[in-house]
Amino acid sequence: MLVDREVDYRLCSLDGKWYRVEVKLMGKGNPESADVLFARDTNILIADTMSEQNKNQCVELGVYYLELKGNANVLGDFITILKCLNIPYYYG
């Protein structure tokens, strides 16, 4: 595997497909952080706060997203994303 310094994480599915993951602190005054979707071919975006426009962009682009702020089911939502992409995980 080549080193990819332009992405925060890469996750591999059971069928060998790699998914690019970005983690962003987008808070007030930093909405351009969502531009990473375009610049880095992101498959999964994890962000503390997302605007409705950011969420709609993700849906339109087929990008899975996880908003952390105010989400009482963060772990469950992340596991759902992993299951959708056939990415193995362990939760014990």
Side-chain angles (χ1 to χ4, degrees):
M1 177 177 70
L2 296 174
V3 174
D4 188 343
R5 293 191 175 123
E6 291 188 11
V7 67
D8 292 327
Y9 298 97
R10 294 178 74 204
L11 300 176
C12 188
S13 69
L14 290 172
D15 59 356
K17 182 170 181 185
W18 286 94
Y19 293 94
R20 300 167 64 87
V21 182
E22 286 290 333
V23 179
K24 294 294 174 194
L25 300 175
M26 295 171 61
K28 278 189 174 179
N30 196 16
E32 64 277 358
S33 288
D35 291 345
V36 73
L37 297 174
F38 306 107
R40 298 188 183 151
D41 194 27
T42 302
N43 303 108
I44 303 170
L45 176 64
I46 300 172
D48 62 338
T49 310
M50 294 179 69
S51 69
E52 286 305 312
Q53 181 177 349
N54 293 148
K55 293 174 189 178
N56 291 336
Q57 284 177 313
C58 285
V59 171
E60 288 174 18
L61 295 170
V63 173
Y64 290 85
Y65 67 86
L66 177 63
E67 183 175 23
L68 304 177
K69 186 175 181 181
N71 185 347
N73 191 38
V74 170
L75 183 57
D77 290 345
F78 186 61
I79 288 172
T80 297
I81 292 170
L82 297 177
K83 285 180 179 179
C84 287
L85 298 174
N86 199 25
I87 297 171
Y89 66 92
Y90 172 77
Y91 176 67

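Computed from a prediction, not measured in an experiment: that's the story for all the values here.
- Val7 and Glu22 get closest at one heavy-atom pair: CA-OE2, 3.1 Å.
- In this structure, the side chain to side chain contact (heavy atoms under 4.5 Å, CB included) partners of Ile79, at least two apart in sequence or on a different chain, are Leu75, Lys83, Tyr89, Tyr91.
- Here OG of Ser51 is found 8.0 Å from CG of Asn56. Values are rounded to the nearest 0.5 Å.
- Using a 4.5 Å cut-off on side-chain heavy atoms (C-beta onward), Cys58 and Tyr64 make no contact.
- No donor-acceptor pair closer than 3.5 Å links the side chain of Asp48 to the backbone N or O of Leu68.
- Across all their heavy atoms, Pro88 and Cys12 have their closest contact at CD-O, 3.5 Å.
- For residues 52-62, the pairs satisfying salt bridge (charged side-chain N to carboxylate O under 4.0 Å, His left out) are Glu52-Lys55, Lys55-Glu67, with sequence neighbours left out.
- At a threshold of 4.5 Å between non-hydrogen side-chain atoms, the residues Leu66 and Ile44 do not count as touching.
- Between the side chains of Thr80 and Asp77, no donor-acceptor pair is found at a separation under 3.5 Å.
- Evaluation of the side chain to side chain donor-acceptor pair (under 3.5 Å) rule for Asn86 yields no partner, not counting sequence neighbours.
- For the pair Trp18/Asn43, no side-chain contact is recorded, criterion being any heavy-atom separation below 4.5 Å from C-beta on.
- The closest donor-acceptor contact from the side chain of Thr42 to the backbone of Leu45 lies at 3.5 Å or more, if one exists at all.
- Counting only heavy atoms from C-beta outward, the side chains of Asp8 and Val21 never approach each other to under 4.5 Å.
- With values rounded to the nearest 0.5 angstrom, Met50 atom CE is found 11.5 Å from Asn71 atom CG.
- Taking each heavy atom of Leu85 and Tyr19 in turn, the nearest pair found is CD2-CE2, 3.6 Å.
- When side chains are defined from C-beta on, Ile46 does not count as touching Tyr9, because their heavy atoms never get closer than 4.5 Å.
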